Amino acid sequence: MSTKDGNLNDGRNVYYAGKLVEDMANEPVFARTLKFVQRYYELQEEDPETYLYTDEKGEKKSILFMPTMTVEDLAHKRRIYEQIARESYGFLGRTPDFIDTGIAILDYYADVLGKDSRCDYAKNARDWAARVKKHDLFISHAIQNPQVDRQKGLTELLNEGQEFAAVWIKEERPDGVIVRGAKQVNTLAPLADELLVFNLPGLHKVDSKFALAFSLPLATKGVKMVCRKPTMKEGFSLKDYPLSGSFDEMDAFIILDDVFVPNENLFVCGSVEKSNAFFPASGFFVHTAHQDEVRGFVKLEFVTGLAVRLAEKLGLTGFLRVQEMLGSLTVNLEMIKSSIIASEITAHMENGVLTPNMQVLLAVRASLTNYYDEALRVIAEFASGSIVGVPDFREFENTDISEILKTSMTSALLSAEERSLLLNLAWDVTGESFGQRQRTYEFLHGGNPMWIKNMHWLTEDLEAANQMLDKVLENARIEK
Ligand SMILES: Cc1cc2nc3c(=O)[nH]c(=O)nc-3n(C[C@H](O)[C@H](O)[C@H](O)COP(=O)(O)OP(=O)(O)OC[C@H]3O[C@@H](n4cnc5c(N)ncnc54)[C@H](O)[C@@H]3O)c2cc1C
């Protein structure tokens, strides 16, 4: 049973539309998206030269598991991320390649996890990475805690009786721990093989009960995934909903209801210091960011292309204001493309792995949120009221109205049906719940932009700026 095989009826507890899902394949919202997630595996069969590599044991593995040693390795992986993202036009954010990037280098970073009297966490992480690579498992990740009260610490909340404000160690046993709690959103978890649970940095000394990182199969007893409402519209064709008809990237609220985590699945247990180190010091943060920004670039490319297409087909390109708006979008796109390449060229060796420049990737992440929004605003403005004047596509087959409808909606640039298709695509991206979820995703999935910017200025190299400032101030000071 695995994502790769597509048989997900392994006893996992997925709650959707008010009931426990009996057969995942019978729910279109899962089945249709799964097909696109599985493209990741199909590409390996279709083009093994590009999508596989030979590891140190001489075994063929997904190229995503290849540790990056040279700038060309990073560039090669970028091209792979791009191709995988193009399968969903960038609208599936958490395809298997995202966590694969961290698994690829975990061997090199695992020592940071150390060991204690319970177990050897570094070995656990290495064994897990080897298993994930061998079976090419799809790992979903759950980091962010439910938004209960961000002004209070986790221990304080637990003492107040909030058992689901985060995931905590309820009971310690010689062979493992019982954990309880929740994570607020986990994208594509219902379709994955395993769940990787960990914390962002920020635990306090008193929070040792919350200091955890572990992975579990989704069918583990006590793991409950409660899905949000669908954005996919059933009963309509792709002509009406070209994107939302295919790519509902389901998000779920994760409940861990007294779940047993065996020692061998633990990567952190009880150490606040290790929990705070897990994301940045395991290499996951930076390597997943490389994949994530490339995927974001593909999506930005898609919406930029859509804006240009709309301007052309709706006869808007003669207006100076429209030309400036389009230029702004293509400038944004070029900035993102070049910056991703810059993050590779300015990479550095870390723990024996060539690691992209995080400062550049964070700049991309912070900018993408704004650039994506800008493209959406341009699309909405260009498509204007036309976007909500598009009929149900079935009207084009309705003999009562079809002829006059086609005549009245056709322009010199577009037939009625082509015009409706294009506007439906624009509506999917800007207006539909699908588009709104995608917008929220771009704004928040990589962390609150507030924190990204906070991190960025604190770590920016401003030495040259400071030297100039010192010089100009000194010159002014010494003037007689
Ligand atoms: C569509 C979507 C998919 C996602 N998928 C995943 C996933 O698969 N796995 C996963 O782990 N996460 C996922 N996320 C969660 C994502 O990681 C978080 O939403 C994101 O990190 C923001 O955190 P938050 O929602 O807890 O907001 P918070 O950081 O709590 O921010 C909420 C508000 O409170 C303010 N605030 C919070 N703390 C402070 C403070 N200390 N000081 C001042 N102001 C503060 C913020 O400015 C903001 O206005 C997803 C999110 C979205 C929207």
Side-chain angles (χ1 to χ4, degrees), residues 3 14 33 37 88 90-102 138-154 156-157 162 164-167 181-204 207 210 212-216 218 223 225-232 244 247-256 275 278-280 282 284-285 288-289 291-292 295-296 299 362 365-366 368-369 372-373 429 432-455:
T3 309
V14 176
T33 309
V37 174
S88 67
F91 286 92
L92 290 183
R94 294 305 193 214
T95 42
D97 46 325
F98 176 70
I99 288 290
D100 282 359
T101 61
F138 174 17
I139 309 297
S140 178
H141 68 289
I143 313 176
Q144 202 71 5
N145 297 323
Q147 200 182 24
V148 176
D149 185 343
R150 295 278 189 251
Q151 293 176 82
K152 291 185 176 170
L154 297 180
E156 189 183 356
L157 286 170
Q162 293 282 353
F164 296 95
V167 178
K183 289 285 179 182
Q184 77 175 354
V185 49
N186 196 177
T187 300
L188 279 184
L191 303 183
D193 289 309
E194 284 195 19
L195 191 61
L196 173 63
V197 179
F198 60 96
N199 295 302
L200 290 177
L203 290 190
H204 302 291
D207 296 328
F210 298 89
L212 281 164
F214 58 86
S215 187
L216 283 176
L218 285 166
V223 176
M225 291 171 272
V226 189
C227 299
R228 61 161 165 74
K229 297 175 288 300
T231 59
M232 183 178 281
S244 54
F247 305 111
D248 194 340
E249 187 181 36
M250 186 52 80
D251 309 288
F253 184 74
I254 306 290
I255 299 172
L256 302 182
S275 173
F278 184 82
F279 196 34
S282 64
F284 267 93
F285 190 27
T288 55
Q291 183 275 355
D292 188 44
R295 195 269 326 149
K299 190 166 169 184
L362 283 178
R365 185 168 288 185
L368 257 170
T369 55
Y372 186 72
D373 238 27
V429 171
E432 267 305 314
S433 57
F434 169 84
Q436 295 306 317
R437 185 264 174 199
Q438 291 285 341
R439 182 183 169 275
T440 310
Y441 183 86
E442 287 315 321
F443 186 64
L444 280 173
H445 77 280
N448 189 320
M450 172 188 79
W451 297 122
I452 298 173
K453 288 176 186 162
N454 262 345
M455 259 190 283

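Predicted model only: the values in this text are computed from it and were never measured. When a residue number appears, it is its place in the shown sequence, counting from 1. Counting convention: from 1, in listed order, for ligands and their atoms alike.
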_ring pair (Phe, Tyr, Trp, His ring centres under 6.0 Å) involving Phe98 - partner list, sequence neighbours excluded_ = His141

*Can we say Asp248 and Arg228 salt-bridge, meaning some charged N sits less than 4.0 Å from an Asp/Glu carboxylate O?*
yes

*Return the protein residues near ligand 1 (heavy atom under 4.0 Å from any of its atoms), ordered by chain and residue number.*
His141, Ala142, Ile143, Gln144, Gln147, Arg150, Gln184, Val185, Asn186, Thr187, Asp251, Arg437, Thr440, Tyr441, Leu444, His445, Gly447, Asn448, Met450, Trp451

_Sequence-distant partners of Glu194, salt bridge (charged side-chain N to carboxylate O under 4.0 Å, His left out), two or more places apart_ = Arg131

*With a cut-off of under 6.0 Å to the ring centre and 45° to the axis, is Lys183 in cation-pi contact with Phe253?*
no

*Can we say Glu249 and Arg437 salt-bridge, meaning some charged N sits less than 4.0 Å from an Asp/Glu carboxylate O?*
yes

_Using the salt bridge (charged side-chain N to carboxylate O under 4.0 Å, His left out) criterion, which residues pair with Asp207? Sequence neighbours excluded._
none

